[in-house]
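Every value quoted in this text rests on a predicted model; they were computed, and no experiment measured them.
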Amino acid sequence: MNPSTAPAIDPRAPVLELLRAYAACTTDREQSRTAVAMIDFVQNEAGCLWRSCVPGHLTGSAWIVSPDRTRVLLTHHRKLDK
């Protein structure tokens, strides 16, 4: 297949897959409602992965913890100054 005619892959697809899996397995009602709202947002906002998306955009976060769980990595958010 010619690369120029190959169907484009929607970058939201893996995000939606993860959100749907989480929504299906969580037993916490509030978390389930939040996941469903996020699914709706991602489906309806093509630019949801970009800062330029006016209603907002998805971001990710994580805890980085030492193997012995005695230390964590904290980073400063320049834009929010937090």
Side-chain angles (χ1 to χ4, degrees):
M1 176 181 277
N2 182 334
S4 64
T5 61
I9 297 172
D10 187 344
R12 297 174 296 169
V15 174
L16 285 167
E17 183 179 336
L18 290 169
L19 286 169
R20 288 181 180 127
Y22 180 75
C25 75
T26 186
T27 58
D28 183 287
R29 286 185 180 173
E30 186 62 31
Q31 290 293 315
S32 180
R33 281 192 287 266
T34 299
V36 169
M38 289 179 72
I39 291 166
D40 184 58
F41 173 72
V42 172
Q43 287 176 327
N44 292 305
E45 292 294 337
C48 67
L49 302 176
W50 303 100
R51 289 184 198 168
S52 59
C53 184
V54 174
H57 64 277
L58 297 182
T59 61
S61 60
W63 282 85
I64 301 178
V65 182
S66 65
D68 63 0
R69 298 180 183 238
T70 60
R71 295 176 292 161
V72 297
L73 175 67
L74 299 176
T75 59
H76 181 257
H77 191 291
R78 271 186 285 174
K79 186 175 179 182
L80 298 178
D81 195 25
K82 293 183 177 185

message: Going by side chain to side chain donor-acceptor pair (under 3.5 Å), name the pairs with one or both residues in residues 41-65, residues two or more places apart or in two chains.
response: Asp40-Asn44

message: If the condition is salt bridge (charged side-chain N to carboxylate O under 4.0 Å, His left out), which residues does Arg33 pass it with, not counting sequence neighbours?
response: Glu30

- line: For Phe41 and Gly56, the nearest pair of non-hydrogen atoms, with its separation, is CZ-O, 3.4 Å

task: To the nearest 0.5 Å, tell me how far Leu16 CG sits from Met38 CE.
output: 10.0 Å

Side-chain donor-acceptor distances from residues 18-27 under 3.5 Å, at least two apart:
unit_1 : atom_1 : unit_2 : atom_2 : d
Tyr22  : OH     : Gln31  : OE1    : 3.2
Thr26  : OG1    : Asp28  : N      : 3.3

Distance-only donor-acceptor hits, side chain of residues 67-74, under 3.5 Å, sequence neighbours excluded:
unit_1 : atom_1 : unit_2 : atom_2 : d
Asp68  : OD1    : Ser66  : OG     : 2.6
Asp68  : OD1    : Thr70  : N      : 3.1
Asp68  : OD1    : Thr70  : OG1    : 2.7
Asp68  : OD2    : Thr70  : OG1    : 3.2

field: For Leu49, side-chain contact (heavy atoms from CB on, under 4.5 Å) partners two or more places apart
entry: Pro11, Arg12, Val15, Leu58

task: Please identify each residue that fulfils salt bridge (charged side-chain N to carboxylate O under 4.0 Å, His left out) with Glu17, with sequence neighbours left out.
output: none

